[in-house]
Every structure is written in structure tokens, then in C-alpha cells.
Protein chains: 2
Amino acid sequence: MPRAFAAGDDELVEAERLIRDRMSGLDLDLLSLAAVSNVFRTATAVRNHMERNVLKPHSLSWSAFVVLFVLHIWGAKESRELAAEAGISGGTLTGVLDTLERKALVVRQPVPTDRRRVGVVITDAGTSVVEEVMPAFNREEAQVTGGLTVEETATLARLLRTVLRTAEDLGPR
Amino acid sequence: MPRAFAAGDDELVEAERLIRDRMSGLDLDLLSLAAVSNVFRTATAVRNHMERNVLKPHSLSWSAFVVLFVLHIWGAKESRELAAEAGISGGTLTGVLDTLERKALVVRQPVPTDRRRVGVVITDAGTSVVEEVMPAFNREEAQVTGGLTVEETATLARLLRTVLRTAEDLGPR
DNA sequence: ACACTACTATTTGGGGCCAAACGATTCATT
DNA sequence: AATGAATCGTTTGGCCCCAAATAGTAGTGT
């Protein structure tokens with residue numbers, strides 16, 4: 001929803017004219033600005049849409065669903081890997097797991113061989129939730145990409161993967 | 001960073017095989033799943049990169065910077081529009097403005113004609129920050145899109161804009 | 001055995017985020 | 001003028017988020 005960096009491809013909207021004017025002295029790469037901005041704008045819009053229409057009815061946060069999804073795919077995971085897989089920090093995962101465990105969608109299990117580590121297992125209730133939410137989720141995904149052809153959708157995924165790799169390889173530095 | 005929905009175009013990674021297996025009964029549209037997932041993954045990775053390498057040195061949050069940027073472009077804005085432009089809720093903006101005002105980067109001003117409304121003006125210090133951060137920000141944007149040709153970058157922006165429009169038009173329902 | 005180092009999940013502190021409730025103000029109808 | 005609805009920014013409550021500090025555990029070398 002942020003209109004801040006609004007920028008299409010051909011159509012030059014008022015916002016971008018303004019940006020160009022106000023930033024003229026700064027010698028910016030407006031093309032990459034538009035692309036990256038649209039990544040954020042799109043992600044925000046789609047995520048809001050998903051949270052409101054799919055997740056909220058189940059009282060699930062985004063991260064909670066991702067964690068549940070990962071567990072459903074992989075069966076069980078230890079905290080450490082789970083956080084990496086879900087793309088959140090360890091400290092955040094602790095809170096998310098607290099919430100999920102309170103709802104009995106997930107269970108923490110001590111690892112016998114190493115008392116530092118904690119295993120996480122999805123419960124039957126948790127599995128039910130994923131299997132109920134996932135199709136609805138995917139239905140919305142198909143909706144939001146409905147304006148693209150199949151080829152365009154594939155292209156979009158490919159181009160994004162390239163950017164993703166670059167960003168990850170760039171690292172924190 | 002979330003590897004959860006990892007999915008490229010041609011290369012079938014382990015994660016997607018697993019997803020296909022575990023979700024085979026659910027009849028999912030894996031193409032739109034891959035595209036949408038990559039939007040999130042890319043947004044998260046790039047945003048993390050930006051926050052760590054560009055924003056954090058200035059002790060700025062993502063939203064704080066967007067708000068500052070909007071104000072720099074438009075000069076001054078009222079709360080209501082500012083929130084819409086920055087893509088955050090009114091309640092969130094209140095907090096962000098508190099933070100920005102505490103740092104003297106922004107000032108709240110009463111609107112004479114309507115005592116419900118509040119105008120927000122960027123200070124000289126705030127302007128300096130934007131003009132200092134923006135080029136660095138854009139440099140990183142150019143970096144992360146460095147793996148794409150100019151045509152591909154433009155295509156990416158265009159495809160995303162289509163998805164963005166669709167998602168916004170879909171609305172909350 | 002002992003210290004040292006490295007790793008684990010958790011806690012802490014400071015924000016950010018939203019929806020819903022709230023109080024103040026304005027507008028519309030009467 | 002007065003009442004009622006609409007609109008504004010803020011507050012509240014609950015969750016998410018991270019980085020840094022912490023406590024507990026395991027491994028390593030001496």
C-alpha cells in the first residue's frame with residue numbers, strides 16, 4: 001500500500017515526477033528504484049490481503065502460519081533450523097512457539113542427547129489447520145497473479161529469484 | 001530469508017519436491033505459489049539488507065524512513081494522508097511520529113481550520129537525513145537488481161505493478 | 001578434573017504493527 | 001440551536017520483530 005515510491009514502467013505518475021524533481025540533484029537509478037519499490041509495495045499489499053482474508057479468520061499470524069507450514073512439510077524440526085526456515089530470528093521464534101503451543105497446534109520436546117536443544121512437533125490439530133488454510137491461501141495466490149499469463153508468472157518467479165539470490169549473497173557485510 | 005516456499009522456475013529444489021508430495025492431495029497451483037512466495041522472500045531479504053546496511057547506521061526504522069521520504073517529496077502532509085502514503089495504519093503512524101519528533105526530524109503542527117487534524121512538517125535535520133540516506137539506499141537497490149538486465153528490471157517492475165493492482169483491487173472483501 | 005570456548009534457547013528492551021475502542025471535533029439535518 | 005452521524009488522531013492490548021545480554025549445556029584442550 002505504500003504509494004511513496006509509486007512507479008510503473010511507462011506511465012509516469014505524479015509521484016514519480018515529484019521524486020524525479022526533488023531528487024534530481026542526487027543522480028538516482030530510477031529503474032532499480034521502481035523495481036525494488038514495487039517488490040515492497042506488492043509484498044505489503046498481498047500480505048495484508050492474505051492476513052485479512054485467510055489468516056485472521058484462523059487467528060493466525062503470518063509467521064505462525066509459516067512455522068506451522070514448515071512443520072507440516074518436514075514433520076518435525078529443531079528450533080534453530082525452524083527459525084532459519086521460517087526466516088525469523090531465534091528470539092522471535094520463542095514467542096511464536098509460545099503462542100502456537102498455547103493453542104495446542106505445536107509441542108516442544110526436549111532433545112535427549114543434548115539438553116540445550118529443543119525439538120518442535122506439529123500436533124494433529126496443527127496439521128488440520130494447515131490443511132484447511134493452505135488451499136485457501138493458494139486460492140488467493142492464484143487470484144492475485146490472475147492478471148498475469150502463465151509465462152509472465154513464471155518470468156516473475158524467475159526474476160525475483162535472481163534478485164533474491166543477489167540480496168542474500170550480498171549479505172550483511 | 002524464509003526458505004519455506006523455496007521455488008524457482010526450472011530447478012526443482014528439495015523443498016518444492018517435499019511440498020508437492022505433502023500437498024499432493026490439495027491440488028495447489030504451484031506456479032502462483034512460487035511467484036507469490038518469491039515476492040515475500042525477496043522483499044524480506046532486501047528489506048533486511050537495507051535495514052542492516054543503510055537504515056540502522058542512522059537509527060532509522062523502515063517506516064520512519066518512508067515517512068521521512070514522503071515528507072521530503074511532498075513538503076508537508078497531514079497525518080491521514082501520510083499514513084496512507086506510507087502504507088501504515090493511523091495508530092502505527094502516531095508511534096512513528098512520536099519517535100521522529102523526539103529526534104527532531106519532524107514537527108507536528110495543528111491545523112487552524114480543523115482542530116481534529118494534525119499537519120506534519122519535516123525539519124531541516126530531517127531533510128539532511130533523507131538526502132544523506134537516499135543515495136545510499138538507491139545504491140543498494142541498484143546492487144540487488146544488478147543480476148538483471150535493464151529490460152528484465154523494467155519487466156519485473158511492470159509485472160509487479162500488475163500483481164499490486166490486482167491485490168489492491170481485490171480489497172479486504 | 002579444570003578452564004576455556006562455542007553453542008543452545010530464552011529473556012530483555014525498544015520499536016513496529018494492527019484492530020478496536022475512545023474522546024474531541026466537525027458536519028448534516030432538523 | 002440541537003441532536004446525531006461521521007471523521008480525525010490517539011490510546012490500548014496483543015502480537016511480532018530484532019539485537020544484545022543471559023543462563024545453561026556441550027565440547028576441547030590441558
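Atom set for the values below is all heavy atoms of this structure, side chains included, hydrogens, waters and symmetry mates excluded. Here is the naming used below: chain letters follow the sequence lines, and residue numbers restart at 1 for every chain.
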Nearest to the [X] side chain among [options], which nucleotide is it?
X: A:Arg115; options: D:dG9, D:dA26, C:dT11; answer: D:dA26
X: B:Arg80; options: C:dA6, D:dA20, D:dC8; answer: D:dC8
X: B:Arg52; options: D:dA19, C:dT25, C:dA9; answer: D:dA19
X: B:Lys56; options: C:dA6, D:dA20, C:dT26; answer: D:dA20

Any non-hydrogen side-chain atom of A:Glu152 less than 4.5 Å from a side-chain atom of B:Arg158?
yes
Separation of A:Leu159 CG from B:Leu156 CG (nearest 0.5 Å):
5.5 Å
Distance, rounded to the nearest Å, where B:Glu78 contributes CD and D:dG9 contributes P
7 Å
Starting at atom CG of B:Leu82, determine the distance to atom P of D:dG9, rounded to an integer number of angstrom.
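Distance, rounded to whole Å: 10 Å.
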What's touching nucleotides 15-17 of chain C from the protein side, N or O pairs under 3.5 Å?
residue : atom : partner : partner atom : Å
C:dG16  : OP1  : B:Ser61 : OG           : 3.1
C:dG16  : OP2  : B:Thr99 : OG1          : 3.1
C:dC17  : OP1  : B:Ser63 : OG           : 2.5
C:dC17  : OP2  : B:Ser63 : OG           : 2.5

What residues 105-112 of chain A contributes to the DNA chain C interface at heavy-atom separation below 4.0 Å is A:Arg108
Could you go through A:Gln143 and B:Thr166, starting from their C-alpha distance and side-chain angles, then the distance that decides it, and tell me whether this counts as side chain to side chain contact (heavy atoms under 4.5 Å, CB included)?
CA-CA 8 Å; A:Gln143 285 257 1; B:Thr166 307; 6.0 Å; no
Aromatic rings B:Trp62 and A:Phe40: how do their planes relate, parallel, tilted or perpendicular, breaks at 30° and 60°?
perpendicular
Between B:Asp29 and B:Ser32, do the side chains contain an N or O donor and an N or O acceptor separated by less than 3.5 Å?
yes
Cluster link A:Val111 to A:Trp74, ILVMFWY, side chain under 4.5 Å
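Cluster IDs for A:Val111 and A:Trp74 differ.
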Measure centre to centre between the rings of A:Phe137 and A:Phe69, then say whether the value is under 6.0 Å.
no
